[in-house]
Amino acid sequence: MNEKKIPFSIDALTCPLTIDASSFITLAHGGGGKFTHQLIEKLFQPVFNNPELETRHDGAVIDIPQAKLAFTTDSYVVNPLIFPGGNIGDLAINGTVNDLAMCGARPLYLSVAFILEEGLPIETLWTIIKSMKKSADQAGIKIVTGDTKVVDKGKGDGIFINTSGVGAIEHNFKIHPSSIERGDVVLLSGDIGRHGIAIMSAREGLGFESQIESDCAEVSSRVQNLLNAEIEVHCMRDLTRGGLATALIEIAQTSKLSIIINEVQIPIREDVKGACEILGLDPFYVANEGQFLVFVKAEYAKQALEIMQNDALGSLARIIGIVEEKPQETVVLKTRIGTSRILDMLSGEQLPRIC
Amino acid sequence: MKFVDEYRNSKEAELFAGAIAKTVTRPWTLMEICGGQTHSIAKYSLQDLLPANITLLHGPGCPVCVTPVEQIDKAIHIAGLANVIFCSFGDMLRVPGSDKDLLAVKSQGGDIRIVYSPMDALKIAIDNPEKEVVFFAIGFETTAPANAMAIFKTKADNIKNLSFLVSQVIVPPAICSILESPKNRVQGFLAAGHVCTIMGYREYEPISKKHNIPIVVTGFEPLDILQGIFMCVKQLEAGRAEVENQYSRSVLKEGNLSAQKIIQEVFHIIPRQWRGIGKIEQSGLGLKDAYASFDAENRFPCKLQSQERSTECISGLVLQGIKKPNDCPAFGKSCTPESPLGATMVSTEGACAAYYRYQLIQS
């Protein structure tokens, strides 16, 4: 467990702007005038609440430890904005935090840029930024600078968010696909496919009996646990769009090695499996937002697994495969019925089957 | 997962593989009818569990693959009209028409919605009374009852702004067409379990008798398919030619009578074009006169010059079991899932896409 304390008051706050004249975002909120200031002063500052933001400077001036820096950026578009298990705000924080974590970095600072669509209920924005604050606190990262623009109605999808982050690398491992060696063991942090199915069922109103919640979460603390225990980590990759299969294939291609995966070891929740069966989707390609792969030197595999499983989010962590030299740049799946096949990259989005 | 994992069990798979190997004394060529079965065979590399002298050919049972280019072009035309919301199953969006696909229409501003059930189109029509909503009703006997029910409800509920672009086909005439071809190589069929769940399997008995060929109604999980193959080769080795039911947990001999009733209420049998194969008599379902006003072809008449884009593509021969996907000169070269020349490379159930994706024969 590495959960950090969340300021209790956040959930209790109510949106301070909805009581004003407009309860929707208007073009004026992006105009740089009074409304923009109101948005910053009444919404963003009280929630994000840190000294760097309060300086109201053009940019953040921040202290950096004596270390190598990791720097990453990502943009977030999702429909619906709020879904079972999270919202676009959680994604925007966790996604960038996770990218830093995958570089082996301890997340430090974030920038947040919003592109808001005219007509967005301010209450929705409020819900989202509260989640962002919670997620940021959980991951131990500070939001130090930001920007807001408003686009005409019809030219956005409610909210688009970009976050960029920096983190400190405080160890000597080179965590990269090129560090992977033959014999390395592949670990997976938990069950696959939950985010994609949660989004799809919320978006399409599929009405499954049980509500499947997104696995949206930061993975940084789990990664730090491994690094702090001096596990020889060769590579990590978080599972996002394209799911487990795409992450493995990308790594096999970059490392020019072969990854042999055992299907029976891949944890998939029963409800996710059921939804995939009904829709004709392959869970190997369905998105995650809180799971990652780790490639470790073989002698560390057992210890790494124990550390991962000891985390509150890691009970389903498994050793799922091993790295071989051949067939090069290829992921081979040992199927449940004892045959083998190649995992290939999808050419586009998975589309539900007809019958 | 209950009722799924049991049919993906490696020990049982080995047992069936062993039993098949013991039974087979000479080469046999079988065809699985349904694209879902093709998909499973590729996904689980089932061919690897079979003796080398069993050849599996992949049949025409992929609804996306056999929908004729003329219907795709009509869909593209209608979907591009102002004031139309065009509803389709997701698979159809990437199927190439004469010069583009539905995804291209969507990217150009066409209002195309991916739906999971034809009843979704009803809801969209009710929610958008100022729009004309069109549902692309395609598929085999499996989709026919739900599509028929949606059409029936549209009429019963007097929904005036919903119509259906129909391209329904049925399996038995396609089997006959394959068997009657002088190039036929098929010696036994695995019939499509879900089609038979609806229709039963009485109608296969005269076909089996006339052509002296075993037909085994087969499910979709790896063990279903292995058992179906086992039952089929047992018949062949014993010189029998009967209709047997491997998929008895889902299929009754008489099928689902309520589903058949709604199909008969709305549709009647007509000739249909099959993409890559050509016209097959009595092989399609068209709207009965009583439902003609819900036919999108009547509501949006258009004259189009449809034309297949590639002369290289042999998907028609693949669909008839005459060629294998990797026999095609374009396979993996000018034809890939990213830029398919034929529909068999589009759908996950198409034989070419299944070969490409799971076996990675990138020639």
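Just so we're on the same page: letters track the sequence lines, and every chain starts at 1.
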Please state whether the side chain, the backbone, both or neither of B:D120 comes within less than 4.5 Å of a heavy atom of chain A.
neither
Using a 4.5 Å cut-off on heavy atoms from C-beta on, say whether the side chain of A:I159 contacts that of A:E117.
no
Spatial distance of atom CG (B:L223) from atom OH (B:Y7) [nearest 0.5 Å]
8.5 Å
Applying a strict 4.5 Å limit to non-hydrogen atoms, the region of B:A17 in contact with chain A is neither
Mark yes or no for whether A:T335, through its side chain, and A:T339, through its backbone, hold a donor-acceptor pair below 3.5 Å.
yes
For B:S250, give me all partners under side-chain hydrogen bond (donor to acceptor under 3.5 Å, both in side chains), at least two apart in sequence or on another chain.
B:T197
Can you tell me which portion of B:V115 sits under 4.5 Å from chain A's heavy atoms? Options are side chain, backbone, both or neither.
neither
Can you name the residues that form a disulfide bond (SG atoms under 2.5 Å apart) with B:C65, not counting sequence neighbours?
B:C62
Which answer fits B:P222, side chain, backbone, both or neither, if we ask what part of it has an atom under 4.5 Å from a heavy atom of chain A?
side chain
With distance as the sole criterion, is a donor-acceptor pair present between the side chains of A:Q309 and A:S315 under 3.5 Å?
no
When only pairs under 4.5 Å are counted, which of A:I337, A:V264, A:I268 shares the most heavy-atom pairs with chain B?
A:I337
If one checks every heavy atom of B:K2 against chain A at 4.5 Å, the contacting part turns out to be backbone
Hey, what's the ring geometry for B:F331 with B:Y355, parallel, tilted or perpendicular (30° and 60° as the breaks)?
perpendicular
Could you look at B:D48 and say if it's the side chain, the backbone, both or neither that has a heavy atom under 4.5 Å from chain A?
side chain
Only pairs of heavy atoms separated by less than 4.5 Å count here; which of B:A13, B:A42, B:S45 has the most with chain A?
B:S45
Can you say whether B:Q47 sits under 4.5 Å from chain A via the side chain, the backbone, both, or neither, judging by heavy atoms?
neither
